[in-house]
Amino acid sequence: MQSVRGLHHVTAIAGPAQENLDFYAGVLGLRLVKKSVNQDDPGTYHLFYADAEGHPGTDLTFFPWAQMAPSREGHGLSSEVSLAVPPGSLTFWASRLQRCGVTMSAPEVRFGQQVLPFRDPHGLHVALVESEDSLGRTFTPWDGSPIPVEQQIRGLESARLVERDLVRTTSFLLSAMDFTHLGSENGWNRYGVGEGKSGTYVDVREMPTANRGAWGTGSIHHLAWRVDDEAHQLAVRQRLSDGGSRPTLVIDRFWFKSVYFPEPGGVLFELATEGPGFGVDEDPAHLGESLVLPPWLEKDRTGIESVLPKLTPPRK
Ligand code: ZN
């Protein structure tokens with residue numbers, strides 16, 4: 001049975017772009033691997049942060065919609081993204097985040113792992129998770145990062161989903177996505193691919209009395225799942241269709257190909273191919289340094305550049 005491999009990227013909505021860059025590149029030390037625009041709203045940036053080479057599974061991306069209202073927490077949304085850090089590194093991270101004035105919550109243990117939850121400058125719930133295994137993705141350290149290699153973020157660990165009806169979502173994950181139930185703890189139910197290694201699972205919670213959540217600054221927009229190539233993508237897409245979903249046609253994002261569909265509770269999912277990757281239209285040594293536009297927007301470059309806020313390198 002064809003299933004997805006794990007998380008490919010997570011996309012969220014941010015406030016002002018410079019603050020987003022200062023936080024994810026400057027404070028967390030990720031590499032800005034692509035500076036582009038939202039292909040449906042080219043007056044807005046689309047910023048991609050990842051490891052040094054932009055490997056699938058390490059990529060956290062943002063639409064900075066500074067004028068948008070804050071998100072409304074509730075069901076039908078992914079409520080937190082977590083990032084994998086090496087075992088023993090949370091002491092380093094707690095003192096760094098404190099020094100940078102980040103709002104942290106008390107450390108937690110989830111399913112036996114050490115977790116440090118915090119909010120980014122625009123309210124997004126993020127957690128750093130000490131994670132042993134990194135077999136599910138490739139990681140290349142970024143030597144331009146302010147974070148020493150031993151402590152650098154290794155990639156996406158997981159995401160949390162809040163649902164009105166647990167069974168609708170989890171039966172979809174089990175049947176259409178071929179996930180396995182990996183455990184339950186404190187109201188959270190873990191589902192993932194295979195054994196559920198780092199980057200290959202989500203935690204789902206039922207909150208039947210919560211309001212419907214709504215996108216806004218500080219919310220996760222969608223979770224993208226990795227497929228090997230276009231043939232794999234089409235096979236998974238067919239399976240979703242057969243299961244009653246209505247996935248979009250394949251959309252060419254140039255760095256990967258995408259198919260979108262909502263899971264039954266309303267969280268937007270995507271299938272994204274491994275390749276060709278962020279080096280396809282930029283020198284890998286200079287990823288993210290200049291504005292990359294999809295070909296059909298090149299003729300509008302001057303106008304687009306004039307409305308996008310100027311970005312300066314993050315303070316480290
Ligand atoms: Zn996406």
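Start at 1 and go down the list; that is how both ligands and their atoms are numbered.
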Worksheet item: Are any N, O or S atoms from His222 nearer to the Zn ion (ligand 1) than 2.8 Å?
Response: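 Of the N, O and S atoms in His222, at least one lies under 2.8 Å from the Zn ion (ligand 1), which means yes.
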
Worksheet item: So, is His9 placed with an N/O/S atom under 2.8 Å from the Zn ion (ligand 1), counting both backbone and side chain?
Response: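 A backbone or side-chain N, O or S atom of His9 is under 2.8 Å from the Zn ion (ligand 1).
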
Discussion item. Centre-to-centre under 6.0 Å for Phe118 and Trp93, is that the case here?
Written reply: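 Ring centroids of Phe118 and Trp93 are no less than 6.0 Å from each other.
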
Practice prompt. Identify, by name, the N, O or S atom of Glu270 lying closest to the Zn ion (ligand 1).
Written response: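 Of all N, O or S atoms belonging to Glu270, OE1 is the one nearest the Zn ion (ligand 1).
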
Worksheet entry | Residues, nucleotides or ligands: over 12 heavy atoms within 6.0 Å of Met207 CE | no

Worksheet item: Using the ring of each side chain (for Trp, its six-membered ring), is Phe256 parallel, tilted or perpendicular to Phe278, with breaks at 30° and 60°?
Response: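 Taking Phe278 first and then Phe256, their aromatic rings stand perpendicular (interplane angle over 60°).
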
Worksheet entry | Ring geometry between His221 and Phe63 (parallel below 30°, tilted from 30 to 60°, perpendicular above 60°) |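 Rings of Phe63 and His221: perpendicular, over 60°.
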
